[in-house]
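Notes to accompany the following structure.
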Amino acid sequence: MYRYDEFDQDFVNARVEQFSDQVDRRLAGEITEDQFRPLRLMNGVYLQLHAYMLRVAIPYGTLSSKQMRMLAHIARTYDKGYGHFTTRQNIQYNWPALSDMPTILADLASVEMHAIQTSGNCIRNVTADHFAGAAADEVADPRPYAEILRQWSSVHPEFSYLPRKFKIAVTGAERDRAAIQTHDIGLHLKKNAGGELGFAVYVGGGQGRTPMVAKKIRDFLPENQLLAYCTAILRVYNLYGRRDNKYKARIKILVHETGTEEFARQVEAEWQALKDTELKLPEADIRAIEAYFAPPALTPRPEGEDAVRVARLDSKSFSEWLDQNVVTHRNPDYAAVTISLKGIGEAPGDASDSQMDAIADLAEKCAFDEIRVSHEQNLIFPHVARADLKAIYDELVQIGLATANSNLITDIIACPGLDYCALANARSISVAQNISNRFADLARQRDIGELKLKISGCINACGHHHVGHIGILGVEKKGAELYQVTLGGSGDETTTIGEIIGRGFGPDEITDAIETIVDTYLAVRADRSERFLDTYRRVGPAPFKEALYAGETKAA
Amino acid sequence: MKVLTGNRLTDGEAVWYRADGSFAETIDGAQLAKDKAEQDRLEAIGKKAYADNLILDVELIDVELFDGRIVPQRLRERIRAAGPTNRTDLGKQARSAPAAAAGFDGGGI
Ligand code: SF4
């Protein structure tokens with residue numbers, strides 16, 4: 001894992017001191033809210049419906065046990081005993097007092113964490129494939145590049161006041177688990193014909209009120225040009241991105257209005273002027289950062305195969321969990337484990353302080369001290385010996401985190417919605433809970449197969465509804481909650497924006513509507529191997545529309 | 001009918017203005033503004049509380065009376081007044097738990 005050097009630590013400590021002083025002055029009434037708001041936002045502090053909210057950065061979703069324990073400590077000491085893992089691989093606390101923020105940030109700094117650039121019109125926390133460094137299908141670990149981007153973008157003087165926020169995601173595999181095409185910049189780490197590492201560069205993806213799939217502007221960028229090229233993109237954006245209208249200020253609008261070809265030409269022109277400057281990464285620097293991410297020493301554990309086979313026979317629930325939540329590792333004696341934060345009927349992404357502590361202990365004992373947060377709001381142990389899987393499963397059962405639903409219909413992404421968020425129009429969590437309860441039966445979920453259901457409580461789309469196979473967007477209509485359904489979205493290497501299926505549904509209708517959609521899929525799918533998304537792509541919206549609204553048309 | 005609400009500076013707690021001049025942590029007992037003049041008065045109080053660095057996100061919200069209880073019209077405001085609907089153990093709603101246990105809401109049936 002990356003360890004802070006003295007510059008990192010000094011910088012974070014200095015920021016804690018600076019913000020402590022700002023909080024003191026705010027509490028003493030020496031600065032106004034208008035003066036303070038941008039300062040608190042730069043440090044991840046929002047004001048929500050019930051209280052302040054603190055968003056803590058988890059760079060590329062990677063945590064050590066010590067860091068996870070600190071997150072638990074903060075939940076217990078300054079909050080109400082839980083935290084919410086977000087689709088940006090961060091954690092949010094829902095109840096901290098402003099007066100406690102300096103202490104919380106000091107606690108975080110003591111484990112090399114902070115809340116800097118988790119808000120504001122700057123380059124936000126860089127996200128990455130949650131199986132990075134473990135995935136059998138990746139060409140190289142994308143996190144060293146995410147770390148290089150983090151260092152470069154932290155309080156970058158030129159890019160701290162962009163027209164709007166800016167999100168970068170990196171993946172090192174063909175199979176895109178980091179949803180890179182929904183980001184302002186998406187980087188796909190790959191090898192060229194000569195075996196050299198570099199990136200396919202995507203620009204201008206995004207969700208929100210104007211969802212767009214990113215456009216590829218370069219098929220192969222040598223790895224040492226990462227910062228030169230990103231700088232070129234940011235420069236073009238900083239120069240020409242709109243500042244007159246918040247809703248048109250993201251780079252996706254600029255790329256769209258300029259045209260992909262012309263935009264790419266402008267970036268290439270900027271890049272020509274930068275590619276041989278100090279922004280060209282020295283080979284030694286890349287390899288030095290890479291060394292921090294060296295995989296743990298994975299000793300041979302060939303006994304795992306038999307151990308798993310026997311344990312499968314003994315326990316059906318373990319066997320189901322294996323099928324659902326355990327994926328292949330690059331080392332055949334090992335596996336990567338998804339710890340579902342989507343217990344049936346629970347709030348997606350929430351974890352209690354004691355669960356966080358238990359996960360930290362377990363990671364220390366059996367997972368090389370490494371934990372990941374996925375953008376799908378689950379936790380991951382990226383490196384686990386297959387021989388230890390049963391022991392891990394048993395412990396997860398003890399702490400209520402052994403739900404075997406990864407990628408199934410109850411593995412729902414949901415934003416905090418109207419239960420917490422000041423911007424929300426409708427609740428998300430309760431919708432997720434109702435759907436989860438309706439589809440609680442695991443055999444039924446497994447029969448339905450892979451189905452990504454994503455819910456946002458407003459058009460800002462933090463719950464990624466646009467790219468859900470089934471997406472649900474909460475809106476407010478005549479003072480009541482109404483849920484609009486989109487179908488056919490996906491956030492992988494075939495990123496697609498879902499299509500609105502028809503009129504929305506009230507809170508009492510939405511679960512039934514989802515069930516109707518699922519039943520329709522089951523009736524029209526070619527066979528069990530045809531996933532919901534494949535079926536939708538094959539048959540289109542017609543059968544779903546018919547099932548949802550036919551009665552109404554006839555009645556009308 | 002309207003009441004004046006906001007969030008307290010120190011801890012972000014949702015609060016409502018009362019006739020005695022305080023900002024209380026529950027909506028019950030909030031000062032009602034029934035006409036334009038009363039609304040203007042509350043609005044001025046809100047602006048002052050904001051300027052005095054006491055209360056943030058100051059707003060006049062629409063409410064109705066049910067059996068003498070103040071109920072906000074918008075769900076957003078009802079959730080602010082109670083707490084997250086998925087965590088009834090948290091927020092204001094949790095604090096009134098003794099009242100509920102005493103039989104006011106027929107809990108458990
Ligand atoms: S999508 Fe809207 S409601 Fe949900 S967290 Fe984002 S801003 Fe809040």
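A note on names: the letters A, B, ... follow the listed sequences, proteins ahead of strands, and every chain is numbered from 1.
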* Any side-chain heavy atom of A:Tyr52 within less than 4.5 Å of one from B:Leu56? -> yes
* Atom pair NE2/CG of A:His50 and B:Asp11 - distance to nearest 0.5 Å -> 13.5 Å
* After noting the C-alpha distance and the side-chain angles of A:Trp95 and B:Glu13, does the key distance pass the side chain to side chain contact (heavy atoms under 4.5 Å, CB included) rule? -> CA-CA 9 Å; A:Trp95 306 90; B:Glu13 178 89 33; over 6 Å; no
* Below 4.5 Å from any heavy atom of chain B, which atoms of A:Pro96 appear? Answer side chain, backbone, both or neither. => backbone
* To do: Answer with side chain, backbone, both or neither: which region of A:Gln433 has an atom nearer than 4.5 Å to a non-hydrogen atom of chain B?
  => side chain
* Asked: Considering all heavy atoms of both residues, which atom of B:Gly12 and which atom of A:Leu47 are nearest to each other, and what is their separation?
  -> CA-CD1, 3.9 Å
* To do: May I ask you to say whether A:Glu476 pairs ionically with B:Arg74, meaning some side-chain N is under 4.0 Å from a carboxylate O?
  => yes
* Heavy-atom pair count under 4.5 Å with chain B, highest-scoring of A:Ala347, A:Gly29, A:Gly479 -> A:Gly29
* **Cation-pi geometry met for B:Arg87 and A:Tyr420 (6.0 Å, 45°)** => no
* **Spatial distance of atom CG (A:Asp419) from atom CG (B:Leu75) [nearest 0.5 Å]** => 8.5 Å
* **B:Thr10 and A:Leu27: CA distance, side-chain angles, deciding distance, side chain to side chain contact (heavy atoms under 4.5 Å, CB included) verdict** => CA-CA 7 Å; B:Thr10 49; A:Leu27 290 171; 3.9 Å; yes
* Does CD belonging to A:Glu515 count more than 12 external heavy atoms closer than 6.0 Å? -> yes
* Pick one of side chain, backbone, both or neither for B:Arg8, based on which atoms fall under 4.5 Å of a heavy atom in chain A. => backbone
* **Structural part of A:Phe36 lying under 4.5 Å from a heavy atom of chain B** => neither
* Asked: Passes side chain to side chain contact (heavy atoms under 4.5 Å, CB included), A:Arg26 versus B:Leu9? Steps please.
  -> CA-CA 9 Å; A:Arg26 178 68 188 121; B:Leu9 168 72; 3.5 Å; yes
* Can you tell which part of B:Asn86 gets under 4.5 Å to a heavy atom of chain A, answering side chain, backbone, both or neither? => both
* To do: Can you tell which part of A:Ala422 gets under 4.5 Å to a heavy atom of chain B, answering side chain, backbone, both or neither?
  => both
* Structure fact -> Closest heavy-atom pair, B:Ile79 versus A:Leu49, reported as atoms and distance to 0.1 Å, is CG2-CD1, 4.4 Å
